[in-house]
Amino acid sequence: MKLWKGRFSKAATSSANEFNASIGFDQRMYNEDIAGSIAHAKMLGKQGIITMEESELIVKTLEEILEDIKAGKVEFTIEGEDIHMNIETILTERIGQTGKKLHTARSRNDQVAVDFKLYIKKEIHEICDILQEMLDAFETLAKQHVDTVMPGYTHMQRAQPVTFAYHLLCYYQMISRDKERFEDCLKRVDRLPLGCGALAGTTYDTDREFLAKELGFASVLPNAMDAIADRDFAIEFLNCCATAMMHLSRFCEELCLWSSVEFSFVEIDDAFSTGSSIMPQKKNPDMAELIRGKSGRVYGDLMALLTICKGTPMAYNKDFQEDKEPVFDAADTLKASASIYTEMILTMKVKTDKMEHAAKYGYMNATDAADYLVSKGIPFRDCHEIIGKIVLYCINKGIAIEELSMDEFKSFSDKFEEDIYEKIDVRACIKAKKSAGSTSFESVKAQLAAIEASKK
Ligand code: ARG
């Protein structure tokens, strides 16, 4: 039986009922719905809107219903439409008239908003924990690879040598901003919409500050219409998810490349790889590819909610029922992707010899060779040209810059001396970086120390 049936002379068709119902997906908010109702019932009792006995009976019964749901003893119905009315119906079945008083001074509009915010708050905490584990993994790996050299790329071309630790700490920074973004988003989610009624406030002497305290919200939204109609907190949450997925996707792309025979920088553990049904030699980086692919799905979730909200007039519209699935999907996808990702990077084999070999070829010390000539008093632009000519000469000869004889060096510039060889050694190139935040061994150690210090 519909809780709102009074005004109707005809029941909805079963297809309309099914189309309208959200219980199929919003039942995952049962915990939040019951928490919201318990706080509301306590507030009603405290304010004398219902009696204390009624309030206590409602609270006690809701707690029992929660236990029954957890034990799998409760069956939700399409007829009940959504999680809110399903639970209210069960409550009324159990305690009769008193159960019908719970919805005093409340609407499903503020109820759904508070449920959704409680749910997103819980997700933010879980996601931040998972991202912290990932940050710890990057830190652990970086500590192991302070001395591992590898090529740094721009335009996917070998550019300058860097350390693997430096590359990992680049991702550390991206993921720590993602975590920060979620923590910041939490500030907007943490404002209470409950107690706003359908859109205009209620005629009862309610206590919204009490509700905020009971439910652990930092503050109370100041405008009831906004409290009902706002979904930007969910859009912001989806944006945080999409950006984090984009970062995971970028590293996964690198893992796919690096685990190819062409690169061979890493080998993903067998436990995170799959084989081919036809080619026996294949070992595919499926997890990395899937995470990369799933980033598209989370972008879709963000686009979906932006589009759902666009053009919805104030205040509540049923369109908003479509807000939950994208949020559930994005949170599930990010949590699963991030967890797998951390396990995958902690177990992959890093082929330091291959990285080092690649770092020595590709003329990545050309900039350092130019800087050498600058130190001998030649203007940088001229040095750039001299070294450019040397690189072309070496390419034609099929050798590295450091394989030139002293005579060959001198034929390009008489400023070259014996010390050129040590100056353009791959580790010397890395060591020579002086600017703050560089790839130099010292700087990377300082970056690690700063991470360590930030935890205290
Ligand atoms: N299932 C609805 C939703 O998810 C709950 C709010 C319904 N409110 C209403 N006035 N029909 O948005």
Side-chain angles (χ1 to χ4, degrees), residues 1-8 10-37 39-40 62 69 74 76-92 100 102-123 189 192-202 211 215 221 224-235 237-238 301 304-332:
M1 200 74 87
K2 292 286 184 196
L3 295 181
W4 39 253
K5 64 185 187 306
R7 186 228 175 276
F8 288 75
K10 216 183 198 179
T13 65
S14 65
S15 54
N17 255 337
E18 214 155 292
F19 188 70
N20 190 45
S22 54
I23 187 65
F25 52 85
D26 65 16
Q27 55 179 279
R28 28 161 126 191
M29 301 195 304
Y30 70 83
N31 244 317
E32 290 73 18
D33 194 72
I34 290 180
S37 289
H40 184 67
L62 284 170
I69 296 173
V74 170
F76 297 122
T77 65
I78 296 267
E79 183 65 21
E81 207 176 305
D82 53 27
I83 188 63
H84 327 296
M85 292 201 299
N86 262 279
I87 289 178
E88 195 186 323
T89 304
I90 298 165
L91 177 73
T92 305
K100 292 185 184 171
L102 171 62
H103 213 51
T104 317
R106 181 177 80 170
S107 146
R108 261 188 304 157
N109 299 350
D110 53 346
Q111 191 181 357
V112 71
V114 79
D115 289 9
F116 201 29
K117 282 192 152 183
L118 285 171
Y119 188 89
I120 292 180
K121 278 178 66 173
K122 171 182 75 83
E123 292 293 335
V189 185
L192 179 90
L194 191 60
C196 288
L199 78 160
T202 74
L211 288 172
L215 291 168
L221 282 169
M225 187 179 279
D226 173 50
I228 298 310
D230 162 40
R231 288 297 178 273
D232 59 44
F233 64 90
I235 291 170
F237 173 76
L238 287 173
D301 292 327
L305 191 53
L306 278 168
T307 314
I308 288 161
C309 291
K310 168 187 170 298
T312 49
M314 295 309 122
Y316 176 83
N317 303 272
K318 189 76 170 202
D319 311 43
F320 295 161
Q321 183 165 287
E322 291 292 308
D323 60 3
K324 282 158 219 77
E325 283 166 295
V327 164
F328 296 163
D329 182 69
D332 290 350

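Sequential numbering from 1 along the given sequence is applied to the chain's residues. Order of appearance sets the numbers: ligands from 1, and atoms from 1 within every ligand. Just so it is clear, the structure is predicted and the values come from calculations on it, not from any experiment. The basis for the numbers below is simple: all heavy atoms, side chains too, and nothing from hydrogens, waters or symmetry mates.
Counted by atom type alone, Tyr316 and Arg108 present zero donor-acceptor pairs between their side chains at under 3.5 Å.
Here the shortest heavy-atom distance to atom 12 (O) of ligand 1, taken over Phe25, Phe320, Tyr316, belongs to Tyr316.
Atoms CG and NZ, from Leu192 and Lys117 in turn, are 8.0 Å apart once rounded to the nearest 0.5 Å. Taken to the nearest 0.5 Å, the CE atom of Met29 stands 9.0 Å off from the OH atom of Tyr119. Once rounded to the nearest 0.5 Å, the distance linking CD1 of Ile34 with OH of Tyr30 reads 8.0 Å.
Looking from atom 5 (C) of ligand 1 to the surrounding protein, the closest heavy atom is Asp82 OD2, 3.4 Å. The shortest contact between atom 11 (N) of ligand 1 and any protein heavy atom is with Arg108 NH2, 3.5 Å. Protein heavy atom at the shortest distance from atom 8 (N) of ligand 1 is Asn109 OD1, 3.0 Å. If you check which protein heavy atom lies closest to atom 2 (C) of ligand 1, you get Gln321 OE1, 3.3 Å.
Distances from ligand 1 to the non-hydrogen atoms of His84 include at least one value under 4.0 Å. The shortest heavy-atom distance from Lys324 to ligand 1 is under 4.0 Å.
Considering backbone and side-chain N/O of Lys318, none are found under 3.5 Å from N/O of ligand 1.
Remark: Lys310 engages no residue in a salt bridge (Lys or Arg N to Asp or Glu O under 4.0 Å) (not counting sequence neighbours). By the salt bridge (Lys or Arg N to Asp or Glu O under 4.0 Å) test, Lys324 pairs with no residue at all, sequence neighbours left out.
Set against the non-hydrogen atoms of Ser22, the atoms of ligand 1 under 4.0 Å away are 1 (N).
Heavy atoms of other residues, nucleotides or ligands lying less than 6.0 angstrom from NZ of Lys122 number more than 12.
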